[in-house]
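Counting starts at 1 for both ligands and their atoms, in listed order. The structure presented is a predicted model; accordingly, all values stated were derived computationally and were not measured.
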Amino acid sequence: MTPSPAPSLPDAAVSQRLSPSALLAFSRDLVQVRRRGMLLLISLHRSDRLSALAQEPQSRSVLAEVMRRVEGILRPSDRYALASHDEIWVMLVDLPGEALAELASRTLRDSLSRSIHVETAEGRTIVQLRPAIGGAWRHPDAGQDPMTVLSSAADAALRAEELEERVVILAARSDVELINRNRMEHELRAALNANELDVHFQPQLSLATGQRAGAEALIRWTRPDGTRVSPALIASICEERGMMSQLTQFVLNTALRHLMTWTSQGIDARVSINMSGVTLADPAFATLVGHALSTWGIEPRRLTLELTESAVVRHERSALEFMNQIRAHGCGLALDDFGTGYSSFAYLRQFPLTELKIDQSFVRNLANDASDRRIVQALVDLAHTFNMAALAEGVEDEEASRVLRDLGCDMAQGYFYGRPMPPAEFAAWWRGFTPAPLRPPVVAIP
Ligand code: C2E
Ligand code: MG
Ligand code: MG
């Protein structure tokens, strides 16, 4: 049995978009499936050649082939419809989990990306589509406006068009969560536009010399109602709602502006900023970093960009290009939260990284846990094998600091040395810093 097509389409829908009211009726019908499911919006992203054919019979053969492929992938209970000449809506019904939605989307993308052969007056033409797929969860709870689901899927598809993998699935959320996130997005956008977010700086030290080295810049935001929002949540909203590039530029420019002021006060700190996967996939971002450095007159060696393993893995091709450009500028590149992902030895070697940041989960119990000590030793050695500096995150006490130094770790960051602090406080910390006396090693690895 083939999946049940959603209401039959007026002929016009094949070559032109449905009117807003027809769209609304159509989406209601699609979304009124009474079970939890996911609405996928597939944007076919036709080549110029196909757009030129849009009104012609050949266009119909392409669409017929597209629909045949879609049908071949969907399950009988799923529903689909051709919403316009370059957009398909699919309702995946009763999905047991998020992973299956992602799998279905990738299968659809792969199938629709394969070339399609069409007969034209001039002979045979090969059409290559570059589909982008956005997905939004439909909750069975009463009251969810179908248009909200559809517009979320459309937003996700728009974002997918910018990404290499061309699939963006919004996480499953309840209506209450969605409303909260929508409100937060609105406030965050306003705060970003008005430059009302803060950047705090957390000290980083050289363990070999005991000297201060620089800081990691970390975003901070207090909502108009006075509540603080965690940086991880800020980053997740920015990624989901297409604001990540703006956030990263804000942090970059704020950090470089402070570096400029500090330089004039004799403070030669270096600074690291966090990059998201979305920014890695933006081909213009590396150039933007170069412009920002010249605008603020900062030597590139004083800036390090931090990437996470998952971002690098997800955007492998664009990440490599991005990293090469950043290194060509002369900036540092750190792999953040190292050890929590799935990077392999061989995998790491292909990237021009300068620093490995060992995740805090290995550092927390360093003083009491021999196996954590062995892991950290291995990670430090790994970093050195690839000519990178090793930086340990989350150092909370003197004991951990000493063990790390004995293990040959180059740098450290954590509450023991200093919490993330506002710029003026960081400048005061820097001025008042006195290096701790270096003690001889006392810890042997059992
Ligand atoms: P991260 O980049 O790994 O940053 C280190 C986090 O560990 C910071 O949390 C910092 O406050 C915390 N930390 C540092 N030392 C200690 C310690 O000794 N003990 C403990 N328990 N925690 C420590 P924060 O500021 O909450 O940031 C969380 C994450 O949010 C960051 O992890 C980063 O992934 C993300 N983030 C923060 N700012 C930005 C930003 O500007 N852009 C992006 N894309 N992500 C950001
Ligand atoms: Mg970081
Ligand atoms: Mg980290």
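- When distances from the Mg ion (ligand 2) to the N, O or S atoms of E216 are compared, OE2 comes out shortest.
- Between R212 and P203 there is no side-chain heavy-atom pair separated by less than 4.5 Å.
- Pairing each heavy atom of V167 with each of A160, the nearest pair is N-CB, 3.8 Å.
- Distances under 2.8 Å from the Mg ion (ligand 3) pick out the protein N/O/S atoms D336 OD1, D337 OD1, E393 OE1, E393 OE2.
- L100 is not listed as a side-chain neighbour of M38, based on a closest heavy-atom distance of 4.5 Å or more.
- Between R181 and E185, no side-chain nitrogen of the basic residue sits less than 4.0 Å from a carboxylate oxygen of the acidic one, so the salt-bridge criterion is not met.
- In terms of heavy atoms, A400 sits closest to V363 at CB-O, 4.4 Å.
- Salt-bridge formation is detected for the pair E165/R106: a Lys NZ or Arg NE/NH1/NH2 atom is positioned less than 4.0 Å from an Asp or Glu carboxylate oxygen.
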Which side-chain N or O atoms in residues 417-436 pair as donor and acceptor under 3.5 Å with protein atoms at least two apart or in another chain?
from : atom 1 : to   : atom 2 : distance (Å)
Y417 : OH     : S401 : OG     : 2.8
W429 : NE1    : Y417 : O      : 3.4
R431 : NH2    : Q265 : OE1    : 2.9

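- A donor and an acceptor atom, one from each side chain of T263 and R302, are located under 3.5 Å apart.
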Ligand 1: protein N/O within less than 3.5 Å of ligand N/O:
from     : atom 1 : to   : atom 2 : distance (Å)
ligand 1 : 2 (O)  : E216 : OE2    : 2.9
ligand 1 : 2 (O)  : N274 : OD1    : 2.8
ligand 1 : 2 (O)  : D336 : OD2    : 2.8
ligand 1 : 3 (O)  : D337 : OD1    : 3.0
ligand 1 : 3 (O)  : E393 : OE1    : 3.2
ligand 1 : 7 (O)  : Q360 : NE2    : 2.8
ligand 1 : 15 (N) : Q202 : NE2    : 2.9
ligand 1 : 18 (O) : Y415 : N      : 2.8
ligand 1 : 19 (N) : E396 : OE2    : 2.5
ligand 1 : 21 (N) : E396 : OE2    : 3.2
ligand 1 : 22 (N) : Q360 : OE1    : 3.3
ligand 1 : 22 (N) : Y415 : OH     : 3.3
ligand 1 : 25 (O) : R220 : NH1    : 2.9
ligand 1 : 25 (O) : R220 : NH2    : 2.9
ligand 1 : 38 (N) : I219 : N      : 3.1

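- Judged as a salt bridge (charged side-chain N to carboxylate O under 4.0 Å, His left out), the pairs with a partner in residues 354-366 (not counting sequence neighbours) are, in order, E216-K357, E306-K357, K357-E393.
- The two atoms that bring E161 and S43 nearest to each other are OE2-OG, 2.9 Å, heavy atoms only.
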